[in-house]
Asks: 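What follows is a structure written as structure tokens; I'll ask about it next.
Every heavy atom of this structure was used, including side-chain atoms; hydrogens, water molecules and symmetry mates were not.
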Amino acid sequence: MRRKTGMLAAAGVVITLTAAACSSGSSSSSGGNNTTTNAVAFNAGVTGTVNASTRKGGTITFDNSSAPDSTDAGNTYYAFNLNFTRLYATPLTTYKACTGACGDQVVPALATALGTATDSNKTWTYHIKSGVKFEDGSPVTSQDVKYAVERTFDRTVLPNGPSYFASLLAGNAATYPGPFKDRAKNVMALTAIDTPDPTTIVFHLKQPFASFNYVVAFPQTAPVPPDKDKGTNYQLHPQSTGPYMFQSYQLNKQYTLVPNPQWNPSWNPQVKQLPSKIVVNLNVNAPDIDNRLLAGDIQVDQAGSGVQSAARARILSSPNLKANADDPITGFMWFYYINTKVPPLNNIHCRMAIEFAANKTNLQTAYGGPVGGAIASTAMPPTVIGYSKFDLYNALSKPGGDIAAAKQQLQQCGQPNGFNLNVAYRSDRPREVSSSQALQESLASAGIKVTLKGYTAANYYGNFAGVPNYVHSHNLGMAAGGWGPDWPDAYGWGWALFDGGSIVPAGNTNISELNDSAVNSLFTQLEAATTDSAQNSIAEQIDKKVMQDAAILPAVYSKALLYRPTDLTNVYVQTYYGMYDYATLGLKS
């Protein structure tokens, strides 16, 4: 589900923040800054800011082929939505608004500074900026931030979003039910978070965790006023602390944002208040989005995963269109989860048969060919700290599939003639449809008979692929998915995917349900590692062990062909989100 690329300070290493150099001129640089470029050229938005401007006014229209998992900032995990929510939700920390590795820097947002760690990185203290208000003018307090975190503990109400707080916090975090259950009796509170005064919040962790500044960058720490919280329906009008607020929301159809009159730019310099209105259209046919984008009828494809095949061909064959496009390495990886509990995939050799049989060339083609990404052979992408190239299942040496090796594994798993397999995918993602059909065809060559099960993207994780009971009752042996690291090291990439402790009843991210004690132990070691060499060694071990377990089928290390209409300003690829920075865009006219 998330985001990004780049090299950041490793856990246990002090994070130093470097001011992004800003300059104007006609050329762009490859450094990690926001170099302005007046030249319109292919990939200009990867290395610099295209059409830099402070002009206000106009309406920016986003289209999306699906709907967000939730517009509630505390209940989302899709990368495009984490990017977009910054327009109305301000977490304690955020990512710097600049290109390249600069964009992977975590910086203060609602907080006055990055957290102060004591007790060997087990206690983290933040002070929130004074004078910050909600859209109705009421003051934001540290208690609103604590409540925002508390509400995410109830996965029956808010099933999406990461589960780091439940995993990391001390006290009663393991049994805390969330405020929706205890609100009436008011007999329980989350004891791991203290608010000694209205501007101070203190997190107590059960173990040292040097990367906590990254955890509080999730919008789960964006303040929520308890008296305005309506649980699931809070998404219809979340209370803004950002430059924009909700004007209207037709669920699954459209929502509109307008400037928040209470907002002060000093609260969060990483976001801007430039357009006079922002409109988001939902559940629009993907090819129609591309046509509207190329015609200039909309400004942004909100999903941020690139245009579809027809538009891709048009752009790459036209010098004028190509000059207004970018094809960044996104830091995402696209793959299929292989469930380790659903029979017969609870036998490792049946899972290994899938690894060998899959035609990686066809999967890459379905994803957009080399422009869409490179064939993947590992459980981590090359952008994650500690990546090491290896190829256990001949994905690179035999990208068309190794059917002979697959059939040997089928013999060992007691299914010499193959087996039946249900594969889940998002039916409103055209590339996912094509790739799943390609997977169906290639596995058939080994006798594995695939039945495809399509679901809408908006509910894919919250109701289906991310709900273990549903997965088991519907025998979903595999599920298509995409992922970017929560932060750029192996823990930020893989804990939510592969650690047994991340498995939850709803909004589950460890969809493979891998619970390997060796993998779990390596993540525990990674939490305490204080040197780059130790982290790199552990990361490589995790990657290889997950692939030895055959818990995912890697498809491609993703790239995304993005198109920027000529009237859009301040356009650049923010590396953490792996797409354009939605919180700084404006219009020429």
Side-chain angles (χ1 to χ4, degrees), residues 2-4 6-15 77 92-93 104 106 114-126 149 152-153 161-174 190 192-193 202-218 220-221 379-381 383-388 483-504 508-510 512 514-546 549 551:
R2 269 129 0 275
R3 249 142 355 274
K4 69 196 167 302
M7 304 296 283
L8 251 180
V13 180
V14 175
I15 301 170
Y77 215 173
L92 287 171
T93 63
D104 277 331
V106 66
L114 295 181
T116 300
T118 54
D119 190 22
S120 301
N121 290 327
K122 290 173 65 177
T123 301
W124 288 82
T125 302
Y126 297 84
V149 175
T152 68
F153 275 68
S163 55
Y164 289 112
F165 290 112
S167 171
L168 295 173
L169 292 180
N172 63 344
L190 185 60
I193 301 178
V202 184
F203 297 86
H204 301 280
L205 312 186
K206 63 184 180 184
Q207 70 240 358
F209 196 78
S211 298
F212 198 66
N213 280 315
Y214 300 130
V215 177
V216 298
F218 279 103
Q220 291 174 316
T221 65
M380 294 194 320
T383 51
V384 172
I385 297 169
Y387 165 83
S388 178
W483 196 262
D486 285 344
W487 51 90
D489 65 18
Y491 196 100
W493 165 264
W495 179 86
L497 287 176
F498 307 126
D499 191 293
S502 70
I503 300 172
V504 293
N508 181 39
T509 53
N510 185 348
S512 303
L514 181 65
N515 194 5
D516 184 326
S517 60
V519 173
N520 299 345
S521 175
L522 287 167
F523 278 113
T524 300
Q525 294 174 45
L526 191 59
E527 292 173 11
T530 57
T531 66
D532 290 348
S533 60
Q535 284 201 328
N536 291 343
S537 174
I538 296 169
E540 183 177 353
Q541 292 176 67
I542 291 172
D543 198 353
K544 288 184 176 178
K545 189 66 178 75
V546 169
D549 286 334

Asks: To the nearest 0.5 Å, what is the distance between NE2 on His204 and NZ on Lys122?
Replies: 11.0 Å
Asks: Using a 3.5 Å distance criterion without hydrogens, assess whether the side chain of Lys206 forms a donor-acceptor pair with backbone atoms of Ser167.
Replies: yes
Asks: Return the minimal non-hydrogen interatomic distance between Tyr77 and Gly161, and the atom names on each side.
Replies: CD1-C, 3.6 Å
Asks: Which atoms form the tightest heavy-atom contact between Lys545 and Ala518, and what is the distance?
Replies: CE-CB, 4.1 Å
Asks: Minimum heavy-atom separation for Ala217 to Val106, with atom names?
Replies: CB-CG2, 4.3 Å
Asks: Heavy-atom distance under 4.5 Å between the side chains of Trp483 and Thr509, does that happen here?
Replies: yes
Asks: Assert yes or no for the condition that the ring centre distance of Tyr164 to Phe209 is strictly below 6.0 Å.
Replies: no
Asks: Just how far is it from atom CG of Asn121 to atom OG of Ser211, taken to the nearest 0.5 Å?
Replies: 9.0 Å
Asks: Could you check if a side-chain atom of Ile193 sits within less than 4.5 angstrom of a side-chain atom of Val202, using non-hydrogen atoms only?
Replies: no
Asks: Decide yes or no for Gln220 and Val149: does some side-chain heavy atom of the first lie under 4.5 Å from some side-chain heavy atom of the second?
Replies: no
Asks: Measuring only between side-chain heavy atoms, which start at C-beta, is Pro381 closer than 4.5 Å to Tyr387?
Replies: no
Asks: I want to check something: taking the side chain as every heavy atom from C-beta on, are Asp499 and Val519 in contact at a cut-off of under 4.5 Å?
Replies: no
Asks: Let me confirm one number: the CG-CH2 distance from Asp119 to Trp124, rounded to the nearest 0.5 Å.
Replies: 12.0 Å
Asks: Testing the basics here: between Ser163 and Ser502, what is the closest heavy-atom pair and its distance to 0.1 Å?
Replies: OG-O, 4.3 Å
Asks: Within the side chain of Thr221, is there an N or O that forms a donor-acceptor pair under 3.5 Å with the backbone of Leu92?
Replies: yes
Asks: Tell me whether the rings of Tyr126 and Phe212 are parallel (<30°), tilted (30 to 60°) or perpendicular (>60°).
Replies: tilted
Asks: From Asn536 CG over to Leu526 CG, what is the distance, rounded to the nearest 0.5 angstrom?
Replies: 9.5 Å
Asks: Give, for atom OH of Tyr491 and atom CD1 of Ile385, the distance between the pair rounded to the nearest 0.5 Å.
Replies: 15.5 Å
Asks: Please report the shortest heavy-atom distance between Asn213 and Val216, naming the atom on each side.
Replies: O-CG2, 3.5 Å
Asks: Report yes if the side chains of Phe498 and Asp543 come closer than 4.5 Å at any heavy-atom pair, otherwise no.
Replies: no
Asks: Determine whether Leu169 and Leu205 make a side-chain contact, defined as any pair of heavy atoms from C-beta on separated by less than 4.5 Å.
Replies: yes
Asks: Measure across Gly484 and Trp493 and return the closest heavy-atom pair with its distance rounded to 0.1 Å.
Replies: CA-CZ3, 3.7 Å
Asks: Report yes if some heavy atom in the side chain of Val546 is under 4.5 Å from a heavy atom in the side chain of Ile542; otherwise report no.
Replies: yes
Asks: What distance do Trp495 atom CH2 and Thr524 atom OG1 have between them, rounded to the nearest 0.5 Å?
Replies: 10.5 Å
